[in-house]
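First the structure, in the form of structure tokens, and then the observations on it.
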Amino acid sequence: MLTDMKAKKRYLAEFSLCLGMYALTVFLVMSLFDHGAVGASWQPVMALLPMVPGAGFCWVILRQFGRMDELQRRIQFEALAFAFAGTALLTFSYGFLETVGFAKISMFSVWGIMAVLWCVGMIVAKRRYG
């Protein structure tokens with residue numbers, strides 16, 4: 001098993017690689033769309049192309065979970081449970097508000113909500129066990 005510091009460095013390297021590939025793919029795809037270089041039949045495929053390195057994020061995160069000790073996993077589990085439940089509560093609440101005239105929000109906002117709540121959940125869980 002890797003030492004804790006080696007595991008963190010490896011995680012950051014893998015995550016950074018995925019982030020770079022994701023940013024490059026988004027830039028490439030948006031450039032192609034802006035220049036009208038994508039035929040109608042290829043538009044759905046090209047629009048989803050950034051999700052290939054996006055799947056890499058999932059792989060990297062799951063690998064990191066496998067490297068964690070039991071306490072780290074428990075903290076992450078509680079933070080993710082908080083983020084999952086909070087995101088469901090907020091997005092469903094806003095969905096009902098949309099039915100009475102509130103502005104529609106892009107699905108892109110859901111990840112932002114979940115990420116913020118994951119961070120809040122991490123702070124709460126670390127305080128509990130720290």
Is Val26 linked to Leu19 within one hydrophobic cluster, defined over Ile, Leu, Val, Met, Phe, Trp and Tyr using a side-chain heavy-atom separation of less than 4.5 Å? yes
Any donor-acceptor N/O pair, Thr99 side chain to Phe96 backbone, under 3.5 Å: yes
Distance-only criterion, 3.5 Å: show the donor-acceptor pairs between side-chain atoms of residues 32-61 and protein atoms not counting sequence neighbours.
{"unit_1": "His35", "atom_1": "ND1", "unit_2": "Ser31", "atom_2": "O", "d": "2.7"}

Please check if the number of heavy atoms outside Phe108 that lie under 6.0 Å from its CZ is greater than 12. no
Atom OH of Tyr22 and atom CG of Leu17: how far apart are they, to the nearest 0.5 Å? 15.0 Å
Is Leu71 linked to Leu80 within one hydrophobic cluster, defined over Ile, Leu, Val, Met, Phe, Trp and Tyr using a side-chain heavy-atom separation of less than 4.5 Å? yes
Would you say Val124 ends up clustered with Ile75 if hydrophobic residues are merged whenever their side chains have heavy atoms under 4.5 Å apart, either directly or through other cluster members? no
Polar side chain donor-acceptor pair, Gln64 to Arg67, under 3.5 angstrom: yes
Got a donor-acceptor contact below 3.5 angstrom from the Ser109 side chain to the Ser106 backbone? yes
Output for pair (Arg73 CZ, Met68 CE), nearest 0.5 Å, gives 8.5 Å
How long is the straight-line distance from CD of Glu70 back to CD of Gln72, given to the nearest 0.5 Å? 10.0 Å
The remaining residues in the hydrophobic cluster of Tyr94, counting side-chain heavy-atom contacts under 4.5 Å among Ile, Leu, Val, Met, Phe, Trp and Tyr, are Leu97, Val100, Phe102, Ile105
Residue pairs meeting salt bridge (charged side-chain N to carboxylate O under 4.0 Å, His left out), one or both in residues 78-96, sequence neighbours left out, come to Arg74-Glu78, Glu78-Arg128
Listed partners of Arg127 passing side-chain hydrogen bond (donor to acceptor under 3.5 Å, both in side chains), at least two apart: none
List in chain and number order the residues that pass ring-ring contact (aromatic ring centres under 6.0 Å, His included) with Tyr11, two or more places apart in sequence or in another chain; answer none if no residue qualifies. Phe15
Atom CZ of residue position Phe65 - does it have more than 12 heavy atoms of other residues, nucleotides or ligands inside 6.0 Å? yes
Identify whether Tyr129 and Trp118 are in the same connected component of the hydrophobic contact network (ILVMFWY, side-chain heavy atoms under 4.5 Å). yes
Can you run down the salt bridge (charged side-chain N to carboxylate O under 4.0 Å, His left out) pairs that involve residues 48-66, sequence neighbours left out, and say none if there aren't any? Glu14-Arg63
Quick check: closest heavy atoms across Met122 and Ala79, and the distance to 0.1 Å? N-CB, 3.5 Å
With the side chain counted from C-beta on, respond yes when Leu117 and Phe82 share a heavy-atom pair under 4.5 Å apart, and no when they do not. yes
